[in-house]
Amino acid sequence: SFTGSPMHAYAQLLLLILAITSTTNIMVEARFRCSKRVSASYLEPTQRKEDGDLICQEVLGETSICLPTGFCSNPYHRGCLARAKSQTWVQRVLQRSTPVLRTCHSEDPPEAQARGYCRPSALEYQEIRIASQNWESAFFTTWILQILLGEVLNVPVSIETGERGKSVDFYHLDTAMDYGAAYDYKSLERGYEVKDCRNIQLLNQQSAQNSGEYLSCSHAILEVWTGNTAWIRDLQLRGIIEAAGDLGALGYQTWFVPRFTALRDPTLVTHFGIAGEENRARLAANFLRPTTWGHYCEHIAVDGCNQADAVAQRKPASSSEEELYFHPDFYTGHFRNTTQNDCGIFHNNCTGHIVDYPCGWTSFVAQQTYHLDIALESNGPEPGSNGYSYSSMVQIWAAANATKSNVMMQWWRPDALFDEYLGTDAEFIGVHLPATTQDCKEHRVDPLDRCSPDWATRVGDPRGSCGESPYPLAKLVGTAIKELSENPAVPPALHSPAYRTIQKFQISDLQM
């Protein structure tokens with residue numbers, strides 16, 4: 001129970017959770033180093049563990065220690081609200097005189113309860129599992145709901161990434177923040193079929209021993225963007241989900257350039273200044289192709305990065321490092337002039353580069369560039385879309401900032417990366433595209449056709465090439481949640497608050 005009206009108390013609590021999560025290095029940086037790390041598999045012993053612990057405690061608080069991996073432990077492993085500076089506020093809002101301890105969930109280590117990391121659900125509420133999506137604003141929204149349910153309402157909540165071995169659990173001991181699958185509708189179908197996703201997790205543990213298929217399972221997906229209406233309608237007609245709910249935030253996506261690019265040439269931030277054959281060579285000269293660390297050392301560096309230069313301090317130490325477009329300590333990133341940029345040879349089809357999304361995400365870049373006659377194309381490694389993964393896109397923007405190279409990228413807000421660069425010379429500046437109309441929206445390329453091998457299908461109808469306007473983000477709530485929360489065999493007074501909480505949960509784009 002709360003002091004005052006429930007909605008007022010909820011607003012107070014949400015404000016507190018937002019304040020904690022938005023000012024926390026651990027959740028913005030994902031991991032904080034406490035020892036020098038050369039690669040994912042090699043740790044350089046340059047200091048005593050006690051020194052590493054001190055680094056963690058100075059940055060993240062007294063409960064964080066330096067783990068053998070070379071990273072600090074998660075100071076919120078026992079809970080978020082228990083670490084709030086204003087414990088008086090927390091206790092007043094929750095009407096509790098003792099610190100809040102989170103509720104254990106099925107992916108906690110077996111010894112978590114015995115070690116005092118968490119407590120069992122006092123009323124034995126069924127565990128709820130939320131699909132995380134694979135971008136940071138969706139992570140943050142999921143975490144807020146995990147904190148609210150797990151620490152305030154005593155409901156166990158686990159997070160589904162859609163891929164084996166990956167985690168974005170807010171309470172994970174080493175602060176894992178892995179990018180899994182987006183729009184994992186199969187997980188909702190399994191949640192509907194089995195109800196209790198812990199049963200699927202047991203099957204996954206068994207199949208992992210035999211390299212079997214990973215089966216995802218969830219009861220809800222937060223932050224669903226437009227372009228997925230066909231899938232949503234199908235799930236709803238089959239009774240797997242309720243009607244899509246309003247998350248409360250407005251989403252907006254377009255092409256962006258860094259502020260320093262806009263200042264160099266303001267004509268680059270409007271389609272009037274970049275469309276047409278007369279602008280082809282200018283786009284090709286301004287927007288070069290991003291280069292991975294491995295490609296730079298193998299094909300561009302004079303001595304293969306055996307010695308440090310202005311771009312790379314050393315060779316990549318692993319295959320995962322070879323694929324990076326930026327490393328904060330060892331690789332600034334590099335943008336190169338490729339044959340696609342060479343208008344001297346390819347007069348009529350040279351192009352500049354634009355960073356597009358991977359398949360599975362909603363993007364109309366190919367349709368827009370083709371029909372607006374803008375000589376930009378994406379040449380990333382993602383199959384189908386020639387786009388880039390989320391982590392690669394983050395690295396490319398960081399590389400552009402480090403080298404002050406021009407870059408054009410499809411991106412969105414609200415998102416943590418957008419806010420991270422706000423007020424800097426690499427701030428995201430939107431490119432003005434033709435105004436959105438209803439007719440244009442009706443002629444957009446279907447997301448399922450966006451990665452078609454047929455080019456004509458991918459670029460679609462010229463009437464669908466306008467820009468995008470802000471639209472409400474949705475949340476998908478599985479019908480299984482209501483069954484788990486409001487079992488008729490259980491007295492109403494003992495029903496889980498999970499269903500009604502998720503159903504009513506909203507967050508604005510500014511809060512996000």
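Owing to the predicted nature of the structure, the values given are computational and were not obtained by experimental measurement.
The pair R102-E151 does not meet the salt-bridge criterion, since no charged nitrogen lies less than 4.0 angstrom from a carboxylate oxygen. A salt bridge links E163 and K166; the closest N-O separation between the charged side-chain nitrogens and carboxylate oxygens is under 4.0 Å. A salt bridge is absent between R458 and D446: the closest approach of a Lys/Arg side-chain nitrogen to an acidic carboxylate oxygen does not fall below 4.0 angstrom.
Taking both residues in full, the closest heavy atoms of P290 and Y388 are given as CG-OH, 3.6 Å, listed atom of the first, atom of the second, then distance. Across all non-hydrogen atoms, the minimal contact from F140 to A416 is CE1-CB, 3.3 Å. When all heavy atoms of Y192 and T479 are compared, the pair lying nearest together is CD1-OG1, 3.4 Å. Pairing each heavy atom of G387 with each of S378, the nearest pair is CA-OG, 3.7 Å. When every heavy atom of L250 is checked against every heavy atom of P414, the shortest pair comes out as O-CD, 3.3 Å. The heavy-atom pair separating S187 from A131 by the smallest distance is OG-CB, 4.2 Å.
For the pair Q395/S391, a side-chain contact is recorded, criterion being any heavy-atom separation below 4.5 Å from C-beta on. Under the 4.5 Å side-chain criterion, counting only non-hydrogen atoms from C-beta, L433 is in contact with T254. No side-chain heavy atom of V168 sits less than 4.5 Å from a side-chain heavy atom of N134. The shortest distance between side-chain heavy atoms of K441 and T436 falls below 4.5 Å. Residues N199 and D196 meet the side-chain proximity criterion, which asks for heavy atoms closer than 4.5 Å. Proximity of D415 to D419: side-chain heavy atoms (C-beta onward) are nowhere separated by under 4.5 Å. Side chains of V155 and I128 form a contact here, defined as non-hydrogen atoms less than 4.5 Å apart. Contact check for L324 versus T292: no side-chain heavy atoms found under the 4.5 Å cut-off.
Aromatic ring centroids of Y471 and W225 lie under 6.0 Å apart. Under the 6.0 Å cut-off for aromatic ring centres, Y252 and F418 do not qualify, their centroids lying 6.0 Å or more apart.
Screening residues 134-203 for disulfide bond (SG atoms under 2.5 Å apart), with sequence neighbours left out, gives C197-C217. Residue pairs satisfying the salt bridge (Lys or Arg N to Asp or Glu O under 4.0 Å) criterion with at least one member in residues 485-502, sequence neighbours excluded, are listed as follows: E486-R500. Among residues at least two apart or in separate chains, disulfide bond (SG atoms under 2.5 Å apart) pairs with a member in residues 109-181 are C104-C118.
Side-chain contact annotation: S385 with D356, donor-acceptor N/O pair under 3.5 Å absent. Looking at Y171 and E107, their side chains never bring a donor and an acceptor atom within 3.5 Å of each other. Judged by distance alone, the side chains of Q368 and W255 do bring a donor and an acceptor atom under 3.5 Å apart. Residues Q503 and Y499 have side chains that bring a donor and an acceptor to within less than 3.5 angstrom of each other. Side-chain atoms of D184 and S216 include a donor-acceptor pair closer than 3.5 Å. For the residue pair S106 and Q201, a side-chain donor N or O sits within less than 3.5 Å of a side-chain acceptor on the partner.
Residue Q253 forms a side-chain hydrogen bond (donor to acceptor under 3.5 Å, both in side chains) with just one option from Y357, W361, W412, and that option is Y357. For the pairing with S158, the side-chain hydrogen bond (donor to acceptor under 3.5 Å, both in side chains) check across H105, R198, E127 returns one residue only, E127. Exactly one of I481, L149, V152 qualifies for a side-chain contact (heavy atoms from CB on, under 4.5 Å) with T501. That residue is L149.
To the nearest 0.5 Å, atoms CD1 (I507) and CG (L222) are separated by 10.0 Å. Separating the CE atom in M408 from the CZ atom in F256 is a distance of 11.5 Å, to the nearest 0.5 Å. Rounded to the nearest 0.5 angstrom, S392 OG and Y179 OH are separated by 10.5 Å. Between the CH2 atom of W135 and the OG1 atom of T141 there is a distance of 10.0 Å, given to the nearest 0.5 Å. Between atom CG of residue N401 and atom OG1 of residue T424 there is a gap of 6.0 Å, rounded to the nearest 0.5 Å. Note that CZ of R129 and OG of S218 are 8.5 Å apart. Values are rounded to the nearest 0.5 Å.
Under the side-chain contact (heavy atoms from CB on, under 4.5 Å) criterion, L237 pairs with R233, sequence neighbours left out. Scanning for side chain to side chain donor-acceptor pair (under 3.5 Å) contacts around D449 gives an empty result, with sequence neighbours left out. Every side-chain contact (heavy atoms from CB on, under 4.5 Å) that E189 has, sequence neighbours left out, goes to K186, L235, R238, I240.
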*Hey, mind stepping through C66 and C72 against disulfide bond (SG atoms under 2.5 Å apart) and telling me if it holds?*
CA-CA 5 Å; C66 187; C72 296; 5.9 Å; no
_Candidate pair W231 and Y185, rule ring-ring contact (aromatic ring centres under 6.0 Å, His included), full reasoning_ = CA-CA 8 Å; W231 292 327; Y185 298 127; 5.3 Å; yes
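Within the 3.5 Å criterion, the main-chain N or O of F170 finds a donor-acceptor partner in the side chain of Q146. Under the 3.5 Å distance criterion, the side-chain polar atoms of E223 are matched with a main-chain donor or acceptor of A138. H172 contributes no side-chain N or O that, together with a main-chain N or O of M177, makes up a donor-acceptor pair within less than 3.5 Å. Counting only distance, with no hydrogens or angles, the side chain of N74 and the backbone of D174 share no donor-acceptor pair below 3.5 Å. Panel note: side chain S508, backbone A249; no donor-acceptor pair is recorded below 3.5 Å. E321 places no side-chain N or O within 3.5 Å of a backbone atom of P316 that could act as its donor or acceptor partner.
The local environment of CZ in R413 is sparse, with at most 12 non-hydrogen atoms from other residues, nucleotides or ligands closer than 6.0 Å.
Between W411 and F428, the ring-plane angle classifies as tilted under the 30° and 60° cut-offs.
With a 6.0 Å cutoff to the six-membered ring centre and a 45° limit on the axis angle, R78 does not count as a cation-pi contact of Y117.
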